[in-house]
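Read through the structure below, which is laid out as structure tokens, and then see the notes.
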Amino acid sequence: MSSDDARESGDLEVMVSKLIDEAFGVKSFELVDRFGKTLPSFSAGSHIDVKIPGGYVRQYSLSNDPKETNRYVIGVLCENMGRGGSRALHESIRVGDTLLIGRPRNNFSLCMDAKRHLLIAGGIGVTPLKSMVHTLLNHGADFELHYCAKTPDHAAFRMPFGALERDGRVFMHYDHGDPSRGLDIPSLLASSRLGDHLYYCGPGGFMAACAAASDHWPKGTVHCEHFKAPDVKFDNVVSEEPCGFKIKIASTGEVLAVGEEQSIAEVLAANGYGIETSCEAGLCATCKLRYLEGEIDHRDFILDDEEKREYLTACVSRGVSETVVIDL
């Protein structure tokens with residue numbers, strides 16, 4: 001794909017200007033505009049789609065200071081048992097190589113009205129929280145970060161936190177492979193002060209522990225981002241067996257059947273209603289669509305309760321009612 005094609009499609013063509021071994025199995029990639037231009041602005045908590053050789057598209061959080069307009073920095077954990085994207089980045093990409101990336105999107109924003117920000121990172125989940133720390137420092141906000149890792153050698157971006165550790169604003173927790181020796185998450189989250197907001201990101205077990213421990217926090221004060229879809233059962237699933245349903249296009253009245261093994265996004269694309277998709281796991285909201293009628297089994301990990309009354313994610317949402325009317 002030429003650079004002109006990339007920009008017309010909304011993608012950005014970037015060059016890898018720096019590659020650093022940040023921790024065991026983790027590399028950071030510094031990305032700059034191939035032509036030396038300013039990159040689109042972003043806010044703390046944002047992520048980008050990275051198009052990786054081999055046909056992979058993966059989402060990675062931006063870890064650097066949003067004030068920086070000349071670069072994006074992502075941290076990538078090589079998951080040898082994953083789907084191949086991170087391994088391809090680690091093994092195939094070198095300094096000087098070019099990549100296509102999507103423009104920054106944010107589903108994990110800071111609430112700057114909070115009186116205090118409590119951040120908890122699990123492993124590579126530190127990447128969006130590191131960007132948040134930069135923003136909170138820039139605004140003189142009250143915050144503390146708890147960073148959980150197996151050992152110091154497994155803690156990416158640890159060095160920039162050194163001064164903040166000494167100031168008592170960053171706390172490192174190493175469990176050496178035994179979670180019982182790490183951060184006591186239930187105790188940390190047992191109570192919240194008026195104006196506190198919580199942000200957490202990390203692997204599945206860590207996410208589940210944070211969710212359970214913060215279940216009693218006031219609505220709207222807990223914010224999280226999943227790196228992969230957790231293995232959970234949804235309360236609103238009518239049947240464990242997948243069922244077909246119909247979607248109706250509001251603008252045309254056309255009715256399309258969604259089979260048991262199909263997604264709404266797949267059916268729309270097959271019938272000329274192509275929509276943008278990315279993670280295909282209900283994590284990024286790229287395929288968020290408004291629906292006008294119908295009952296939805298959402299199955300996503302990104303929309304809040306208010307959004308679910310109006311939107312669905314076309315990659316994973318299922319119709320519970322016989323027909324769902326889509327605002328297209």
Side-chain angles (χ1 to χ4, degrees), residues 21-28 45 60-61 63 75-83 86-87 90 108 114 116-133 136 142-193 196-219 221-235 281 283 301-302:
D21 289 315
E22 297 285 354
F24 183 80
V26 178
K27 293 181 183 292
S28 67
Y60 294 106
S61 295
S63 67
V76 181
L77 171 66
C78 184
E79 299 189 67
N80 292 319
M81 302 303 292
R83 295 178 295 159
S86 64
R87 189 166 62 252
H90 272 246
F108 189 34
R116 185 178 74 116
H117 305 264
L118 178 60
L119 291 70
I120 313 179
I124 194 60
V126 74
T127 51
L129 302 187
K130 178 178 178 292
S131 185
M132 290 181 178
V133 167
L136 293 170
D142 185 9
F143 76 91
E144 64 181 57
L145 166 68
H146 292 264
Y147 185 178
C148 306
K150 184 176 181 180
T151 70
D153 290 338
H154 290 78
F157 303 113
R158 181 169 58 94
M159 295 305 293
F161 293 135
L164 294 174
E165 282 187 74
R166 292 188 291 273
D167 290 343
R169 306 183 81 176
V170 170
F171 303 87
M172 305 299 299
H173 305 272
Y174 305 115
D175 64 15
H176 299 276
D178 179 1
S180 67
R181 299 173 57 190
L183 173 64
D184 187 346
I185 294 174
S187 293
L188 178 65
L189 302 182
S191 62
S192 63
R193 302 182 307 206
D196 280 0
H197 276 248
L198 168 66
Y199 312 81
Y200 62 89
C201 185
F206 167 89
M207 297 293 286
C210 289
S214 62
D215 186 58
H216 62 287
W217 278 50
K219 184 177 180 180
T221 64
V222 178
H223 317 270
C224 67
E225 183 169 71
H226 293 268
F227 277 172
K228 62 178 64 176
D231 184 14
V232 299
K233 291 187 177 182
F234 294 89
D235 294 337
L283 297 173
F301 304 93
I302 191 67

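A quick note: this is a predicted structure, and the numbers were derived from the prediction, not measured. As a basis for the values below, the full set of heavy atoms in this structure was taken, side chains included, without hydrogen atoms, waters or symmetry mates.
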Check [X] against [Y] and note the closest heavy-atom contact, atom names and distance.
X	Y	answer
Phe108	Cys201	CE2-CB, 4.3 Å
Pro203	Gly122	CD-O, 3.3 Å
Ser28	Glu22	OG-OE2, 2.7 Å
Gly75	Tyr60	O-CD2, 4.1 Å
Cys210	Ser214	O-OG, 2.8 Å

Any donor-acceptor N or O pair under 3.5 Å, side chains Thr151, Asp153:
no
Of all residues at least two apart in sequence or in a different chain, which pass the ring pair (Phe, Tyr, Trp, His ring centres under 6.0 Å) check with His223?
His197, Tyr199
To the nearest 0.5 Å, what is the distance between [atom1] ([X]) and [atom2] ([Y])?
X	Y	atom1	atom2	result
Arg169	Leu136	CZ	CG	8.0 Å
Glu225	Ile302	CD	CD1	6.0 Å
Ile124	Cys78	CD1	SG	11.5 Å
Arg158	Lys130	CZ	NZ	14.5 Å
His226	Cys224	NE2	SG	4.5 Å
Tyr174	Lys150	OH	NZ	14.0 Å

Quick check against the 3.5 Å criterion: does [X] have a side-chain atom that pairs as donor or acceptor with the backbone of [Y]?
X	Y	answer
Tyr200	Val222	no
Trp217	Asp196	no
His216	Leu189	yes
Ser86	Glu79	yes
His154	Ala23	no

Within a reach of under 6.0 Å around CZ of Phe24, are more than 12 heavy atoms found that belong to other residues, nucleotides or ligands?
no
Student check: side-chain heavy atoms of [X] and [Y] closer than 4.5 Å:
X	Y	value
Phe206	Ile120	yes
Arg116	Glu144	yes
Leu198	Leu118	yes
Ser61	Ser131	no
Val133	Val170	no
His176	Asp178	no
Met172	Pro152	no

Using side chain to side chain contact (heavy atoms under 4.5 Å, CB included) as the criterion, point out the one residue from Leu188, Ile185, Leu129 that pairs with His146.
Leu188
With sequence neighbours left out, the residues meeting side chain to side chain donor-acceptor pair (under 3.5 Å) with Asp21 are Lys27
Report the C-alpha separation of Val26 and Leu77 in whole Å, then their side-chain angles, then the decisive distance to 0.1 Å, and conclude whether the side chain to side chain contact (heavy atoms under 4.5 Å, CB included) test is met.
CA-CA 4 Å; Val26 178; Leu77 171 66; 3.8 Å; yes
